[in-house]
Visitor: 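Below is the structure I would like to discuss, written out as structure tokens.
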Protein chains: 2
Amino acid sequence: MKRVTLAQVAELAGVSVMTASYTYNRPGRVSDQARSKVLAAAAQLGYAGPDASARSLRRGSTRTVGVVLGEHLSYAFDDPEAVSFMAGIADVCADRGFGMTILPITGAADDIQRITDAAVDGFIVWTTSDDDPILPAIQALKRPAVIHGGPSVRGMGLVTIDNRAAAAAVGAAAFKDARRPAVVSFPLSRDRFSGVLPGADLPEPLFPVTRERLAGYRQAAEAAGIAWRDVPVAVCAHNDAAEAERMAATLLTSADPPDAIAAMGDQQAAGVIRAARTAGRAIPGDLAVTGWDDAAVAAQLGLTTVAQSLREQGAACAQAALGEKPPSRTAPWSIVHRTSTRP
Amino acid sequence: MKRVTLAQVAELAGVSVMTASYTYNRPGRVSDQARSKVLAAAAQLGYAGPDASARSLRRGSTRTVGVVLGEHLSYAFDDPEAVSFMAGIADVCADRGFGMTILPITGAADDIQRITDAAVDGFIVWTTSDDDPILPAIQALKRPAVIHGGPSVRGMGLVTIDNRAAAAAVGAAAFKDARRPAVVSFPLSRDRFSGVLPGADLPEPLFPVTRERLAGYRQAAEAAGIAWRDVPVAVCAHNDAAEAERMAATLLTSADPPDAIAAMGDQQAAGVIRAARTAGRAIPGDLAVTGWDDAAVAAQLGLTTVAQSLREQGAACAQAALGEKPPSRTAPWSIVHRTSTRP
DNA sequence: CTGTTAGCGCATTCAC
DNA sequence: GTGAATGCGCTAACAG
């Protein structure tokens, strides 16, 4: 069973190749008679429509966007934030008749190969670090590209909220009336260091999102009269509830335990809350906690958090990657005050 | 800035097109000298590598698999089961250097168009209904295709567990010592009917997974001496915790409330447990509950459930869609007994 | 190790 | 409303 071509269909239908092509691409420009002959011939030969690769080559576009997901793909799917971002991309792609190709980054050298080989018209890159080698690779492709979160790269769009301002705002809620604030942080760089350090001793974070949020938390701490060197920052290697719970347990059992913890994600905050329960701390009395993203779990737990629509940001990225419009750069956010912080 | 071609690179490098081509595809077959000339020319022209569409056309394969996700794509990403299945696919694709294109199904007529237009070598279809029109469309493409869960379609592979047997087994745990068992079910068909009916009055389910699980629950009920007509089945329009919670609340406040509920997913079971708490029912004393999939939430809630590795099944689907090996058909499962059922 | 030939399957011209 | 020619950018198959 070999591949059936449009030419064979045309021949069997007794029309030219172009008439057959029009039947699929501009049905209106073909007479009913010709069209039905073509369709009949196609059915008889088992021709299911024009070949996608040939068509892409011919028209110079694949009608597909590539979504670059850092680290394990599984991580991306495990992360509800990433997932709703993807859903926003999917909304736009489905509407425009575009496909959406997932380009998983494994950390191996062939990542770049997969990027340059991808049959896509544009790229959407999920938050990564300043030094990620895929960035120059995508840049060199000179196709429309957007980065979500950061970093900001010449020639590529950026869709993000003002992470520093939002962190300062939610940090203010977290650290209100606190004597001993702490932070549970996303990874600083791709080497995935994990451990607790005073804020002032942290190495420079290479993930812009992490860097900005830390800067905002620092502002909030200092506004509350606490020096950054006195704020323990628990750096997680990965963004998940389990590691955050372990980190929070460490903090809470230390000599001078925190009475406020600002996390960087709702999942992390959920882990912190579990650790607090285990340690017998009341929330917010003994410990104020804040999250980020206003996920479902935030509402369930009464978490004060930063609300942003990852879904809308995903949609904005998709539009930019399709070349429809320049990315907005600054997406809206707001603080949702709930019961996990002191009133 | 026009598209740079391999021919231009070859010309600038002073070699034939094939030498340039080999430089990218079989670096070993080219002298160091030629290779560096080609690379230098490419760098000078800003050539980033062979065009993916042209390459796909030429070699007759796209090195990409298509993943067909029912309903809203967002649903797929919102559902942790689906997500770990996707991660399994991604594992295999990343390893083989394949891309992974998401083909979202919106329910509109152009779904089929998107399927036939997809530049993919094979298809993986996430659980759907017997009458889903995309099935014949994919079948007609005569490319490797696998369905997860069901239905079973001629010419397409199937990767699934024995849902009926697993349902009978977990149902036995759920309905142990129960006088009034009930079921919280996935949708029966794509029209998304929602409501509570006696088991015996249900319309024939068109989703094979739902059908098989219902059949298993029926076996379990009858084995416990309860007629299927006496088992209320709450059919949800969607697979999420919130709707399951509402359904369970309805069941629990009815005249003759259940003392055992077998759900079809852990998320649903989590919703049932929330409803039980709200209604002041003790678990498993007043109400036994079972889930499905052994997700993280199941361990947290002490849920008796069916364990299966969606991730491994995703990987198996990917291998089949790549034509590496025929699908296994029957994946392993087991019952995990925890504290949500009577000992 | 390198080059020549010959299309892959289709859609954009531009005729008629 | 239909058709003939042309080439999109690349690589398999063979020579040399």
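This structure is a prediction, so every number in the text was calculated from the model and none was measured. To find a chain, count down the sequence lines: A is the first, B the second, and so on, and within it residues start at 1.
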Visitor: Just to be sure I understand the geometry, which residues of residues 59-66 of chain A put a non-hydrogen atom under 4.0 Å away from DNA chain D?
Guide: none

Visitor: Consider only side-chain N and O atoms of B/Arg311 and B/Ser84, and report whether a donor and an acceptor are under 3.5 Å apart.
Guide: no

Visitor: By the salt bridge (charged side-chain N to carboxylate O under 4.0 Å, His left out) test, which pairs, at least two apart or in different chains, include something from residues 47-62 of chain A?
Guide: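 Salt bridge (charged side-chain N to carboxylate O under 4.0 Å, His left out) check on residues 47-62 of chain A returns A/Arg3-A/Asp51, A/Arg55-B/Asp117.
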
Visitor: What heavy-atom pair brings B/Arg211 and B/Asp130 nearest, and what distance separates the two atoms?
Guide: NH1-OD2, 2.7 Å

Visitor: Checking B/Ser152 now: which residues fulfil side chain to side chain donor-acceptor pair (under 3.5 Å) with it, not counting sequence neighbours?
Guide: none

Visitor: Under 3.5 Å, is there a donor-acceptor pair linking the side chains of B/Thr101 and A/Thr101?
Guide: yes

Visitor: Which two nucleotides bound the region of DNA chain C that has atoms under 4.0 Å from heavy atoms of chain B, read 5' to 3'?
Guide: C/dC1 to C/dG9

Visitor: Under 3.5 Å, side chain of A/Gln313 to main-chain N/O of A/Thr160, donor-acceptor pair present?
Guide: no

Visitor: Under the side-chain contact (heavy atoms from CB on, under 4.5 Å) criterion, do B/Arg190 and B/Leu206 qualify, and how do the steps go?
Guide: CA-CA 8 Å; B/Arg190 290 187 302 130; B/Leu206 293 181; over 6 Å; no

Visitor: Name the nucleic acid region contacted by A/Leu57, choosing base, sugar-phosphate or nothing; use a 4.0 angstrom heavy-atom cut-off, strictly under.
Guide: base

Visitor: side-chain contact (heavy atoms from CB on, under 4.5 Å) with B/Leu39: which residues, sequence neighbours excluded?
Guide: B/Thr23, B/Tyr24, B/Arg35

Visitor: Among residues 8-20 of chain A, which residues get a heavy atom nearer than 4.0 Å to DNA chain C?
Guide: A/Met18

Visitor: Can you run down the ring pair (Phe, Tyr, Trp, His ring centres under 6.0 Å) pairs that involve residues 92-123 of chain B, sequence neighbours left out, and say none if there aren't any?
Guide: none

Visitor: Name the atoms and distances for all side-chain donor-acceptor pairs under 3.5 Å in residues 43-50 of chain B, with sequence neighbours left out.
Guide:
residue, atom, partner, partner atom, Å
B/Tyr47, OH, B/Gly49, O, 3.3

Visitor: Applying side chain to side chain donor-acceptor pair (under 3.5 Å), can you list everything that pairs with A/Thr19, at least two apart in sequence or on another chain?
Guide: A/Ser16

Visitor: Under the 3.5 angstrom rule, does the side chain of B/Thr210 hit a backbone N or O of B/Pro208 as a donor-acceptor pair?
Guide: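 No, the answer is negative, given that no donor and acceptor are paired below the 3.5 Å cut-off.
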
Visitor: Of all nucleotides in DNA chain D that come within under 4.0 Å of a heavy atom of chain B, which is furthest toward the 5' end and which toward the 3' end?
Guide: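 Nucleotide range in contact with chain B: D/dG9 to D/dC14.
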
Visitor: Using a cut-off of strictly less than 4.0 Å between a heavy atom of the residue and any atom of DNA chain C, enumerate the qualifying residues of residues 112-121 of chain A by number.
Guide: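 Here the set is empty: none.
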
Visitor: Would you say B/Asp121's side chain and B/Arg63's backbone share a donor-acceptor pair under 3.5 angstrom?
Guide: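 Checked: pair present.
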
Visitor: Within residues 24-41 of chain A, find the residues that approach DNA chain C with a heavy atom at under 4.0 Å, and present them sorted by residue number.
Guide: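 Contacts with DNA chain C under 4.0 Å: A/Asn25, A/Arg26.
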
Visitor: Between A/Thr127 and A/Gly150, is there a donor-acceptor pair closer than 3.5 Å when you use the side chain of the first and the backbone of the second?
Guide: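 Checked: no pair found.
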
Visitor: With side-chain contact (heavy atoms from CB on, under 4.5 Å) as the test, pick out the partner of B/Val125 among B/Val146, B/Ile134, B/Leu103, B/Ile105.
Guide: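 Single side-chain contact (heavy atoms from CB on, under 4.5 Å) partner of B/Val125 among B/Val146, B/Ile134, B/Leu103, B/Ile105: B/Ile134.
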
Visitor: Look up atom SG in A/Cys93 and atom CD1 in A/Ile124, then write down how far apart they are to the nearest 0.5 Å.
Guide: 6.0 Å

Visitor: Has the side chain of B/Arg192 got a donor or acceptor atom that lies under 3.5 Å from a matching backbone atom of B/His238?
Guide: no

